[in-house]
Amino acid sequence: MGDTNTGLALAYAKEQLFAEAVGARPAVPKVLVWVTDGGSSDPVGPPMQELKDLGVTVFIVSTGRGNLLELSDAASAPAEKHLHFVDVDDLHIITQELRGSILEAMQQLRAYEITSSSIHLAWPPLLTTNSGYYVLELVPSTKQGAVRHQQLPGNATNWTWAGLDPDTDYDVALVPESNERLLRPLHLRVHTLPGHAKDALSLAQMQEQTLQMEQQAKLKEYEAAVEQLKSEQIRVQAEERRKTLSEETRQHQARAQYQDKLARQRYEDQLKQQQLINEENLRKQEESVQKQEAMRRATVEREMELRHKNEMLRVEAEARARAKAERENADIIREQIRLKAAENRQTILESIRTAGALFGEGFRAFVTDWDKVTATVAGLTLLAVGVYSAKNATAVAGRHIEARLGKPSLVRETSRITVLEALRHPIQPSLEARVRDIAIATRNTKKNKSLYRNILMYGPPGTGKTLFAKKLALHSGMDYAIMTGGDVAPMGREGVTAMHKVFDWANTSRRGLLLFVDEADAFLRKRATEKISEDLRATLNAFLHRTGQHSSKFMLVLASNQPEQFDWAINDRIDEMVSFDLPRREERERLVRMYFDKYVLKPATEGKQRLKLAQFDYGKKCSEIAQLTEGMSGREISQLAVAWQAMAYASEDGVLTEAMVDTRVQDAIEQHQQKMRWLTVQGPRPGGGQSPFP
């Protein structure tokens, strides 16, 4: 509650913050923000003017009843931009505007160390070396044509103009040329100091004016003393009133804050009490529901027990009564069975006699009539001829239909619809999403009726080669057929005929056929270095003959785990090779999440199957499993998810816990490691090749 000595505070700021002796840099912009709630006990004008002479930009924020004229004179010009009146609780209203004004004040062109022949300029860093350059222009007010230009690099922040005229106004413009954004030019008017002659004249004039002012000051000293005394009395009275009003305002605010605090405390206590009451009521309701559920369960169990006992007693009584009745009526039952058997035997004998008599009469009449015998023989002969002709014609037609509509024996699976499959599956599957860039090229090839390219897909087992071939065919609008080299190799000489049938059948496709050959290295082996049978060599030659030229009817896709086993003629027919490596960690995590959702989470949430899922962090667990299953293929990860589902079905309550998931993961890892050890022990594979996949 003491005096407010703002003048002393401004002088302290000038000495401790804005003086070069304490580290203030002359080329750096200086800003002062004065926040006040009223007047000051000491003079503010002189120290404020000293700060302005140092180049300090002054902003004033008044939160009380300050004097508008005094504050306007103290703030930097223009006052409407540097003076703000706002309540202390509403300071956030002017925050953005005040911040923008401060930034604008800092980003100005400034002049210091001004002499009669030079000016030192400084500006904030608006550009960098790579973002542009500055163009500095100097225009004197006396010579409009003598404009001076200076180009500076983007990292420059100051420049000194020398060789200037004394006592002259200069207009300075700094134009930032940025190659990134548009920046406005900075302008400044500077007046150089006068020369020595003019300085002497000015000094004499100033001395004369000083003497006159001293005389006038002495004459008015007495009047000023009187006026000062009056002003001091008025100031003291106003200060007393201000202090009284300030104390009343402070006490009123303190009472209001205390009352508001008490009201908030009471409201919080009421909320806590109500929350405790609600929790207690909820606990009682849960206990009541649990008790009712236990009573209902006990009642149902008791009813089931009594119903079971009654049912057992009823069944036992009925069994005893039935046994007693059967014992008492045993003679009657045996007599009834004997009579029924005699009656049935008599009926059969009569039927046999009647049928024999009718057949004998008919045969006797047929033999005695030669016209009937002749007609019967002729009819049987024509019937035999018709059956033989129909059989041969059906065989020929069947072979033709099989070549056009049927499926060759080597083809295990196809998307082409036969007559039987058309009745079973009348709706074609829709197109799948795009599968890689090669699918786009294949689709455009089909649209333009161009020649299809042959593709080789190689990689470890279970990495999705067959799935990719199906997706490629479906996306391109083609039929697909899947055959395996393991079916061709043991066929011997019949493999040649079967191979020709496959390619003849493939050429009949109207939509274009994607022929996918899995395990192609089983029969497409090297002829020069491999000791293969003559039958297998003949099959290979037939394959090479039918694939010698690109076709617009079918596309050949080969899949192999040992591509180095291929004959060079096969490699020469390959247009593009696609490598299917084992999935990396990110891909394994997506596979684990997809199969966990498909085989575990979705059946558990639908409630249609005997499968429940315990509470644990599924996402974190999937990430851990993806880290542990390094080296596993997509098929092995799918088998792991199916193993989780089977383990849940095998449990007593059908609940899959986190421990069960971890157990199956460890089993899968051990099985994978055992497979790798077997592969290492086997060494070179049959045919002299070594598996390229660890």
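Please read these numbers as outputs of a predicted model, since none were measured by experiment.
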Worksheet item: For Thr442 and Thr445, does a side-chain donor sit closer than 3.5 Å to a side-chain acceptor?
Response: no

Discussion item. Does either side chain, that of Gln96 or that of Arg99, offer a donor lying less than 3.5 Å from an acceptor on the other one?
Written reply: no

Worksheet entry | Where Met555 and Arg453 come nearest, the two heavy atoms and their spacing | CG-O, 3.2 Å

Worksheet item: About how many Å separate CG of Asn155 and OG1 of Thr129, when rounded to the nearest 0.5 Å?
Response: 3.5 Å

Item to complete: Write down the atom of Asn561, the atom of Pro460, and the distance for their closest heavy-atom approach.
Response: OD1-C, 4.1 Å

Practice prompt. Say whether Ser623 and Glu589, considering side chains only, have a donor N or O and an acceptor N or O under 3.5 Å apart.
Written response: yes

Worksheet item: At their closest point, which heavy atom of Gln107 faces which heavy atom of Leu186, and how far apart are they?
Response: O-CD2, 3.8 Å

Worksheet item: For His308, does the NE2 atom sit with more than 12 other heavy atoms under 6.0 Å from it, leaving out its own atoms?
Response: no

Worksheet entry | Electrostatic pair Asp597:Lys602 at N-O distance under 4.0 angstrom | no

Fill in: Check ion pair Glu630-Arg585 (N to O, under 4.0 angstrom)
no

Discussion item. Does this structure show an ion pair linking Arg297 with Glu301, if we count only N-O contacts that are shorter than 4.0 Å?
Written reply: no

Worksheet item: Hey, is Asp662 close enough to Lys621 for a salt bridge, meaning N to O under 4.0 Å?
Response: yes

Worksheet item: CZ/Arg307 to CE/Met312 distance, rounded to the nearest 0.5 angstrom?
Response: 15.0 Å

Worksheet entry | Value rounded to 0.5 Å, distance of CZ in Phe554 from CG in Asn454 | 7.5 Å

Item to complete: Output yes when Lys501 and Asp504 qualify as a salt bridge under the 4.0 Å nitrogen-oxygen rule, no when they do not.
Response: no

Worksheet item: Is it true that Arg283 and Glu287 have a side-chain N and a carboxylate O under 4.0 angstrom from each other?
Response: yes

Practice prompt. Could you check Trp159 against Tyr134 for ring-ring contact (aromatic ring centres under 6.0 Å, His included), going step by step and ending with a plain yes or no?
Written response: CA-CA 11 Å; Trp159 178 255; Tyr134 296 99; over 10 Å; no

Worksheet item: Does CD belonging to Gln615 count more than 12 external heavy atoms closer than 6.0 Å?
Response: no

Worksheet item: What is the minimum heavy-atom distance between His92 and Thr95, and which atoms define it?
Response: CA-OG1, 3.2 Å

Worksheet item: What's the shortest heavy-atom distance between Leu613 and Leu656, and which atoms?
Response: CD1-O, 3.7 Å

Worksheet item: Near Lys553 NZ, under 6.0 Å, is it more than 12 heavy atoms from other residues, nucleotides or ligands?
Response: no

